[in-house]
Amino acid sequence: MAVRIEKKIKGYAVVTPEDKAKDAVKADSVTRAQVEAELPVADVIQMHERIERPEVLIGSTYKIKSPLVEHAMYVTINDIVLNAGTDHEHRRPFEVFINSKSMEHFQWIVALTRIMSAVFRKGGDVTFLVEEMKAVFDPKGGYFKAGGVYMPSLVAELGMIMEDHLKSIGMMHDPEMSEHTRALIAEKRRAFEGRSKKNSDVVSAGEMGGAMGSSTADHAEDIEVTGDGASFPPSATMCHKCSTKALVLMDGCATCLNCGYSKCG
């Protein structure tokens with residue numbers, strides 16, 4: 001087909017296959033953008049400070065029994081359910097209350113709960129509060145919870161409770177422990193249990209021997225691990241890695257029966 005040129009030719013260029021491919025990509029991207037613009041957009045509600053408080057909220061209450069306060073403290077964290085009944089449904093913390101008979105810490109408890117609730121309602125990533133609170137240390141010293149977990153302060157235990165709650169609603173997750181580490185911990189526990197059983201047999205034999213048995217019994221005391229290792233020997237010391245009283249001496253090396261940490265590597 002002939003094309004009549006009515007204007008003066010100022011320049012020319014040959015269309016290459018690469019140029020045709022670029023034009024095709026541009027046309028395809030334009031078409032795709034038009035299709036995506038015409039698709040229905042899901043009305044997903046995200047957490048922000050303009051969301052009004054519903055009449056009813058769901059939540060959980062946690063009990064704190066600390067030697068630092070005379071009476072127990074009850075921490076209630078209420079959650080708001082966003083996008084209920086849809087594929088985007090999720091829970092987010094909305095407010096927190098702390099109740100106790102003890103009035104010693106009333107002022108800072110009220111201030112802390114109001115600030116935390118304000119951060120919750122603002123939305124976004126609120127998990128940073130956990131690390132900030134767990135890093136608070138009491139100048140008078142901390143205490144051990146049931147199970148041998150060390151709490152550096154009362155605020156740190158509140159941070160621990162908040163961490164457990166955020167894990168329960170899916171905002172935080174425990175780091176995955178490798179299979180090698182799990183196998184190592186299981187091996188250490190079995191070795192410790194075997195040594196405990198052996199010492200118990202020595203104690204039994206010593207008791208039959210008379211006075212020497214009573215001397216041996218003093219050294220065999222509380223070296224038992226019950227169940228699957230959830231409770232640890234009272235003679236265990238605190239592990240600096242997981243802050244749990246599960247560090248025992250095995251083969252001349254300090255080993256943690258909770259996280260697998262070993263001073264010898």
Side-chain angles (χ1 to χ4, degrees), residues 42-54 56-66 68-69 72-100 105 108-138 142-178 181-182 230 238-244 246 256 258-261:
D43 188 15
V44 179
I45 300 175
Q46 299 293 342
M47 189 68 189
H48 55 78
E49 55 191 352
R50 295 185 299 276
I51 293 181
E52 295 185 2
R53 186 190 190 280
V56 179
L57 291 175
I58 59 175
S60 304
T61 300
Y62 305 87
K63 181 180 178 180
I64 296 179
K65 185 58 179 173
S66 167
L68 301 181
V69 290
M73 300 174 65
Y74 297 89
V75 183
T76 300
I77 304 178
N78 290 331
D79 304 321
I80 186 172
V81 180
L82 302 176
N83 309 298
T86 68
D87 295 336
H88 304 283
E89 178 177 329
H90 53 271
R91 287 172 58 177
R92 288 295 179 267
F94 192 81
E95 59 191 13
V96 57
F97 302 100
I98 301 178
N99 186 34
S100 176
H105 305 287
W108 70 260
I109 284 178
V110 171
L112 180 65
T113 53
R114 290 184 179 180
I115 292 174
M116 291 176 65
S117 297
V119 174
F120 289 161
R121 291 170 183 170
K122 194 169 183 65
D125 185 10
V126 299
T127 58
F128 73 94
L129 284 175
V130 172
E131 294 303 322
E132 294 293 337
M133 295 174 69
K134 287 170 65 176
V136 176
F137 288 79
D138 192 334
Y143 55 93
F144 285 96
K145 286 178 56 179
V149 180
Y150 179 73
M151 288 291 111
S153 66
L154 192 57
V155 177
E157 184 161 5
L158 292 174
M160 183 74 74
I161 286 177
M162 181 180 168
E163 181 180 23
D164 293 338
H165 185 78
L166 295 183
K167 288 178 180 178
S168 69
I169 64 176
M171 282 194 70
M172 296 183 69
H173 304 278
D174 283 320
E176 289 293 331
M177 187 179 292
S178 65
T181 305
R182 293 178 187 274
M238 187 179 70
C239 173
H240 298 289
K241 184 177 180 181
C242 64
S243 298
T244 305
C256 180
N258 182 59
C259 68
Y261 165 79

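The model shown is predicted, which means the values in this text are computed figures rather than measured ones.
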Pair V75-H165, side-chain contact (heavy atoms from CB on, under 4.5 Å): steps then yes or no: CA-CA 11 Å; V75 183; H165 185 78; over 6 Å; no
With a 4.5 Å limit on heavy-atom distance, are the side chains of [X] and [Y] in contact?
| X | Y | result |
| --- | --- | --- |
| T61 | N99 | no |
| H105 | I98 | no |
| L82 | H88 | no |

Full working for side-chain contact (heavy atoms from CB on, under 4.5 Å) between R121 and F94: CA-CA 6 Å; R121 291 170 183 170; F94 192 81; 3.3 Å; yes
[atom1]/[X] to [atom2]/[Y] distance, rounded to the nearest 0.5 angstrom?
| X | Y | atom1 | atom2 | result |
| --- | --- | --- | --- | --- |
| E157 | Y150 | CD | OH | 12.0 Å |
| H173 | K167 | NE2 | NZ | 10.5 Å |
| M116 | M162 | CE | CE | 5.0 Å |
| I161 | S60 | CD1 | OG | 11.0 Å |
| D138 | M151 | CG | CE | 13.0 Å |
| D79 | L166 | CG | CG | 8.5 Å |

Minimum-distance pair of heavy atoms, taken over all atoms of [X] and [Y]:
| X | Y | value |
| --- | --- | --- |
| P152 | K134 | CG-O, 4.0 Å |
| N78 | T76 | OD1-CG2, 3.7 Å |
| K63 | A72 | CE-CB, 3.7 Å |

Is the count of non-hydrogen atoms from other residues, nucleotides or ligands lying under 6.0 Å from R53 atom CZ greater than 12? yes
Please check this pair: side chain of S153 against backbone of V136, looking for a donor-acceptor N/O pair closer than 3.5 Å. yes
Verify, without hydrogens or angle tests, whether E163 (side chain) and G159 (backbone) share a donor-acceptor contact under 3.5 angstrom. no
Determine, stepwise, if the pair V96 / L158 fulfils side-chain contact (heavy atoms from CB on, under 4.5 Å). CA-CA 11 Å; V96 57; L158 292 174; over 6 Å; no
Is there a side-chain contact (heavy atoms from CB on, under 4.5 Å) between V126 and F120 once you walk through the steps? CA-CA 7 Å; V126 299; F120 289 161; 4.2 Å; yes
